[in-house]
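Note that the structure is a prediction, hence the values are computed from the model and not measured. Chain naming here is simple, since letters A, B, ... match the order of the sequence lines and numbering starts at 1 in each.
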Amino acid sequence: MDLYVSESGVAMEIQLAEPWPTTVAEAVAVQRRLRHRVRAGDDAGSPVRTVAGVDVAYAADSDRLAAAVVVLDHTTLDVLETSTVVTTAEFPYEPGLFAFRELPTLVTALRGLRTVPDLIVCDGHGLAHPRRFGLACHLGILADVPTFGVAKNVHVGEFVPPASQRGATSPLTVGGEVVGAAVRTRSRVKPVFVSVGHRISLDTACAHTLTLSTHYRLPETTRHADHLSREVLAGRISPTVAG
DNA sequence: GCGACAG
DNA sequence: ATCTTGTCGC
């Protein structure tokens, strides 16, 4: 496969907002300003050959955090490339604003990639967010790459539990508006919550979620990234990018 | 005022 | 998110 690789070795030039918000008010303002750039809906004819999973692990007793990006072959689920980095948290965790805590580190790790993934699966929500601009939307806009979110818990919205069989889904709604879907990736196991990030439809995002969740509740992309970020944070694996 | 609140 | 032991099950 002919993956795009620039001469410098840096595949993506992602720019963080300047300056990066430091207060809740500033962060909310940024979300309100960028939310209008989100495009829900599938890109025209672009096959997905590579899928990236991203995740961040936190130290319990310090403000260190490690981000990991794992690129998989969408068909075989083989790991094609990884990028990791360890940094320090600057923004506190606030429900609805955690993108501001994780994105700086996540973007640093993404810049370390030699290839541009066709799709990025995020750990958290996209449109299923108070201002319809969760981490998956934010990252999709900054990287201009199709993204969607797979969260383990609901943040906003209501849903009726989907049928107990794997593959069953039900809408996640806020005041009648569909913002995502509860997806049963394993029979009789708590569903995950899928929502659009950028340049993808909810149906396609749900289909990818099931394709990527072969043996466990969470997609393999998320599992790989979660494991790698913990190993790097623990110092058992060296980060590939300088913090 | 009270409870909820992605990771 | 992270702190934590054993335990039930394939």
Check for a donor-acceptor pair, side chain of [X] on one end and backbone N or O of [Y] on the other, with a separation under 3.5 Å.
X	Y	result
A:Thr147	A:Ile120	no
A:Gln31	A:Gly96	yes
A:Arg132	A:Arg35	no
A:Ser229	A:Ala67	no

Give the rounded distance in Å between these two atoms: [atom1] of [X] and [atom2] of [N].
X	N	atom1	atom2	answer
A:Arg188	C:dG9	CZ	P	15 Å
A:Lys152	B:dA6	NZ	P	11 Å
A:Glu102	B:dA6	CD	P	12 Å
A:His129	B:dC5	NE2	C1'	11 Å
A:His155	B:dG7	NE2	P	10 Å
A:Asn153	B:dC5	CG	C1'	10 Å
A:His215	C:dC10	NE2	P	18 Å
A:Asp123	B:dA6	CG	C1'	8 Å

> Taking the side chain of A:Asp55 as its heavy atoms from C-beta onward, which of B:dG7, C:dT2, B:dA6 lies nearest to it?
Replying inline: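 Closest of the options to the side chain of A:Asp55: B:dG7.
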> Does the distance from a Lys or Arg side-chain N to an Asp or Glu carboxylate O, for A:Lys152 and A:Asp123, drop under 4.0 Å?
Replying inline: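 Counted as a salt bridge, because a side-chain N and a carboxylate O are separated by less than 4.0 Å.
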Which part of the nucleic acid, if any, lies within reach of [X] when heavy atoms closer than 4.0 Å are counted: base, sugar-phosphate only, or nothing?
X	answer
A:Ala128	nothing
A:Gly96	base
A:Val154	sugar-phosphate
A:Leu65	nothing
A:Leu106	nothing

> May A:Tyr93 be described as stacking on the base of B:dG7, applying a 5.5 Å centroid limit and a 30° limit on plane angle?
Replying inline: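 Yes; centroid distance and tilt both under limits.
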> Hey, is the side chain of A:Arg101 poking within less than 4.0 Å of OP1 or OP2 on C:dA1, counting only N and O atoms?
Replying inline: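 Negative; the distance criterion is not met.
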